[in-house]
Amino acid sequence: MGYKSFGNHTKTKMDAMPIINQKKPHVLFIPVPAQSHIKCMLKLARLLNHKGLEVTFINTQSNHKRLVKSGGTRWLDDTPSFRFKTVPDGVPSSTEDGVEHTQTIVELWNYMRTNFYNSLLDVLSGLETSVSCIVCDGFMTYTNAMKAAEMLKIPVILFWTMAACGFIGFYQVKVLKEKELLPLKGSIFPIYTIQVGFNKIYSLVS
């Protein structure tokens, strides 16, 4: 059998032949329902889809409505292996005069914490092809997405959509707290808190 040698790797003709009827990997994306998180994860999802993977991207109903309205889904006509699935986010439908309801980030988080787990199970059960892997935003673990994946025995990859400098900031909060560099001393600093992992809140000013 003929072959070509690439360094330490030997590639046979059979290796080079396409595998007929091979099942495509199917990746489910779960972003935080916020614009920057969705944008970042959508870029990765489209890249993987371009490489031949089947992709299902979860969006909240109100965010997906905005995406469609802005023309952000026109490219879907040429990509049948990429689909969006929507889940409720607790935002009521528009009023009769067309005014869209809004909600605070705390209201959104509380709703997703309580309801997203069941919504995710509904999405997974309704898909035509089984999911090979879940790519979940690192901030969405508070919604019990990991619990659902574990129950269904689906591998999970946590994808942190923040910039590197932001990630380092979050990563070092515990260390700064232990070294008593936080909370900051004095009244010249603005008083605010940050929530790490949606479990523990650190006050940055005493």
Side chain to side chain contact (heavy atoms under 4.5 Å, CB included) evaluation trace for Lys85 with Leu28: CA-CA 10 Å; Lys85 292 294 183 180; Leu28 179 76; over 6 Å; no
Side chain to side chain contact (heavy atoms under 4.5 Å, CB included) assessment of Leu124 paired with Leu120: CA-CA 6 Å; Leu124 288 168; Leu120 175 59; 4.0 Å; yes
Measure the spacing between CZ of Phe82 and CG of Leu42 and express it to the nearest 0.5 Å.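 Phe82 atom CZ to Leu42 atom CG measures 5.0 Å (nearest 0.5 Å).
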What do you reckon, is CD of Glu150 surrounded by more than 12 foreign heavy atoms closer than 6.0 Å?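 Atom CD in Glu150 is not crowded, with 12 or fewer foreign heavy atoms closer than 6.0 Å.
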Report, as yes or no, whether the 6.0 Å neighbourhood of atom CD on Glu178 holds more than 12 heavy atoms from other residues, nucleotides or ligands.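 Check passes, neighbour count above 12.
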Nearest heavy atoms of [X] and [Y], plus distance in Å:
X      : Y      : result
Tyr111 : Pro88  : CE2-O, 3.4 Å
Ile134 : Val131 : CG1-CG1, 4.1 Å
Cys133 : Ile157 : SG-CD1, 3.8 Å
Ala45  : Val55  : O-CG2, 3.7 Å
Gln61  : Asp89  : N-OD2, 3.9 Å
Cys136 : Met41  : C-CE, 4.0 Å

For the residue pair Phe29 and Phe57, categorise the inter-ring angle as parallel (less than 30°), tilted (30 to 60°) or perpendicular (more than 60°).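 Rings of Phe29 and Phe57: parallel, under 30°.
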Aromatic rings Trp109 and Tyr142: how do their planes relate, parallel, tilted or perpendicular, breaks at 30° and 60°?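 Aromatic pair Trp109/Tyr142 classed perpendicular.
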Does the side chain of Asn63 come under 3.5 Å of the side chain of Arg66 through a donor N or O and an acceptor N or O?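 Judged by distance alone, the side chains do pair up.
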Is the closest side-chain donor-acceptor distance between His26 and Ser130 under 3.5 Å?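 Per modelled atom types, His26 and Ser130 side chains form no pair under 3.5 Å.
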Is there a side chain to side chain contact (heavy atoms under 4.5 Å, CB included) between Phe84 and Leu76 once you walk through the steps? CA-CA 9 Å; Phe84 283 94; Leu76 281 175; 3.6 Å; yes
Against Pro33, only a single residue in Asp137, Asn59, Leu108, Ile58 fulfils side chain to side chain contact (heavy atoms under 4.5 Å, CB included); can you say which?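 Of all the options given, the one that passes is Leu108.
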Between the side chain of His64 and the main-chain N/O of Thr86, is any donor-acceptor distance below 3.5 Å?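 It does not hold such a pair.
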Spell out, yes or no, whether Ile105 and Phe116 are grouped together once hydrophobic residues are joined by side-chain heavy atoms under 4.5 Å, including indirect joins.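 Hydrophobic grouping puts Ile105 with Phe116.
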Side chain to side chain contact (heavy atoms under 4.5 Å, CB included) for Leu152 and Leu121? Distances and angles first, verdict last. CA-CA 9 Å; Leu152 298 173; Leu121 292 179; 4.1 Å; yes
